[in-house]
Each structure stands twice: as C-alpha cells, then as structure tokens.
Amino acid sequence: MELENLRQECLNCRRCGLCDTRTNVVFGQGVPTAEVMFVGEGPGASEDEQGLPFVGRSGQLLDHYLEAVDLSRDTNVYIANIVKCRPPQNRDPLPEESTACMPWLRQQFQLIRPKIVVCLGRIAAQQMMGPTFSVSRDHGKFFEKQGTLFMATYHPAALLRYPVNKPAVFGDFVALREKITQVCDHTY
Ligand code: URA
C-alpha cells in the first residue's frame, strides 16, 4: 500500500458524522518519506475549502516556525491531523470522531515511518501521548514510544490568541532541530 492509495481510500471515508458537513477530506501533505511528522487537531475553514492541512492563518505561522529551523512541507516534513474532516464551527473533535479517524493516522504512520512526531496542541498531544499529557508542563520534551520520539508544542492557533507563548514555541523548534541532528539523516 502506498500513501497515495491510502489517500484515495480516505477521500471516500464515511466512518463518522463529519463526512456530512465537510467540503474536502484533509488527508495530509508533505514528503512521504519524511523522518519528521507533525500532527494537528483537525481542519479549519481554509483547510476544509482547500483539502490541505494548515493553510489558514495558523498554518502560515506554522510555516514560519518550520522555515526558521530549515524544515518545510515541500522538502522534509509531513503534516497530518487527528481528524481528517472539519468539525463544524471548529469545535474540538468528539471522542468518537477521533476514534473513528485514528486508523487513517496509524496507517499514515506505518507508511511514512517517521523518527520524530511533533504534536501541535493538546488534542493531538493527548491522543498520541495519553489523556494526562499537559502541553504547558511538557512542551519541548521528547518521549520515546515504541522506537519513535514524540514531542508536543502549543498549537499555532493558540499562539495567535496568546502570543506570549511564541518564544517558548521557538525554543521547542530549536530543540526539535537539535534532536533531528542527533537522530535523522544527515541531509536534514
Ligand atoms: N488546525 C489544525 O489543527 N489543523 C489544521 O490542519 C489546521 C488548523
């Protein structure tokens, strides 16, 4: 199975109620062989319109952070979400929506085989690292799980509302860059 085949399957998904209100499935974007993968919460209005992750205002901010440490969705990272369809009014995904959607992310993960996963915000962090994970307490720290390193940082949309955390997120991206130097291919 290739990532493109999985994407085609996912585009027809009707595993939860979000399929009734979506414009587009937002499967993911980036390099299929990336060693670094970012996981957000779910599409917003711009993502739903374009079918691509993090293309609205928070996506522009994410791209700035990526560029600051020589990363980009065009060359060396992959970006996906916990849920692939927009929750109405940008509400948090319901537990049953996340549960229904997670097999898609697991399959993406098995095909891409990233060495490092960066969770953007609480919803992604708790889904990937457990329900007691606290982004304010544990952002920027790396946790090993079955041979993969996981780290979380604040969600870029939260930074737009609360810019005081921007320096902390910059620090997390610098820590990510250091970790990449240790564990990823030298071309990174
Ligand atoms: N917020 C997310 O969590 N994911 C996106 O793709 C866009 C905004």
Side-chain angles (χ1 to χ4, degrees), residues 3 6-7 10-11 13 15-19 21-32 34 36-67 71-74 76-109 112 114 116-131 133-136 138-140 150-163 165-166 168-169 172-173 176:
L3 202 58
L6 186 67
R7 193 178 79 87
C10 186
L11 297 187
C13 182
R15 292 178 190 171
C16 83
L18 295 179
C19 66
T21 47
R22 74 180 175 222
T23 309
N24 284 295
V25 173
V26 179
F27 178 69
Q29 184 187 25
V31 177
V36 183
M37 182 165 169
F38 286 79
V39 179
E41 174 179 328
S46 311
E47 292 76 20
D48 178 58
E49 268 166 37
Q50 296 183 47
L52 295 169
F54 285 99
V55 288
R57 272 188 77 215
S58 59
Q60 286 174 19
L61 184 56
L62 174 62
D63 282 337
H64 286 306
Y65 280 104
L66 291 173
E67 193 188 353
L71 299 175
S72 101
R73 56 181 99 195
D74 297 327
N76 54 12
V77 310
Y78 192 88
I79 304 174
N81 281 304
I82 298 291
V83 294
K84 312 295 193 223
C85 298
R86 182 191 182 199
Q89 281 84 48
N90 298 342
R91 62 161 170 73
D92 289 352
L94 301 173
E96 60 264 35
E97 292 162 353
S98 299
T99 302
C101 208
M102 274 302 285
W104 294 117
L105 186 62
R106 273 191 214 102
Q107 278 183 281
Q108 285 175 301
F109 191 80
I112 297 166
I116 302 175
V117 175
V118 179
C119 302
L120 299 169
R122 175 182 60 86
I123 299 280
Q126 292 189 343
Q127 185 72 45
M128 307 298 278
M129 291 187 277
F133 190 93
S134 161
V135 175
S136 55
D138 291 328
H139 69 88
F150 288 79
M151 184 263 266
T153 191
Y154 291 99
H155 194 289
L159 291 183
L160 293 172
R161 290 193 299 270
Y162 201 60
N165 283 329
K166 282 183 177 180
V169 172
D172 295 344
F173 274 75
L176 170 63

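Since we're looking at a predicted model, the values are computed, not measured. Ligands are counted one by one from 1 in listed order, and the atoms in each one are counted from 1 as well.
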| message | Please enumerate all residues that pass ring-ring contact (aromatic ring centres under 6.0 Å, His included) together with Phe150, with sequence neighbours excluded. | response | none
| query | Who pairs with Arg22 by salt bridge (Lys or Arg N to Asp or Glu O under 4.0 Å), at least two apart in sequence or on another chain? | reply | none
| What residues, two or more places apart in sequence or in another chain, satisfy side-chain hydrogen bond (donor to acceptor under 3.5 Å, both in side chains) together with Thr21? | none
| task | For the pair His155 and Phe54, name the ring-plane relationship: parallel under 30°, tilted 30 to 60°, perpendicular over 60°. | result | tilted
| Got the residues with a heavy atom under 4.0 Å of ligand 1, by chain and number? | Gly40, Glu41, Gly42, Glu47, Pro53, Phe54, Ser58, Asn81, His155
| request: May I ask you to establish whether Arg15 and Trp104 are in a cation-pi arrangement, using a distance under 6.0 Å from NZ or CZ to the six-membered ring centre and at most 45° from the ring axis? | output: yes
| said: side-chain contact (heavy atoms from CB on, under 4.5 Å), that's the test. Do Ser72 and Val77 meet it? Break it down for me. | reply: CA-CA 6 Å; Ser72 101; Val77 310; over 6 Å; no
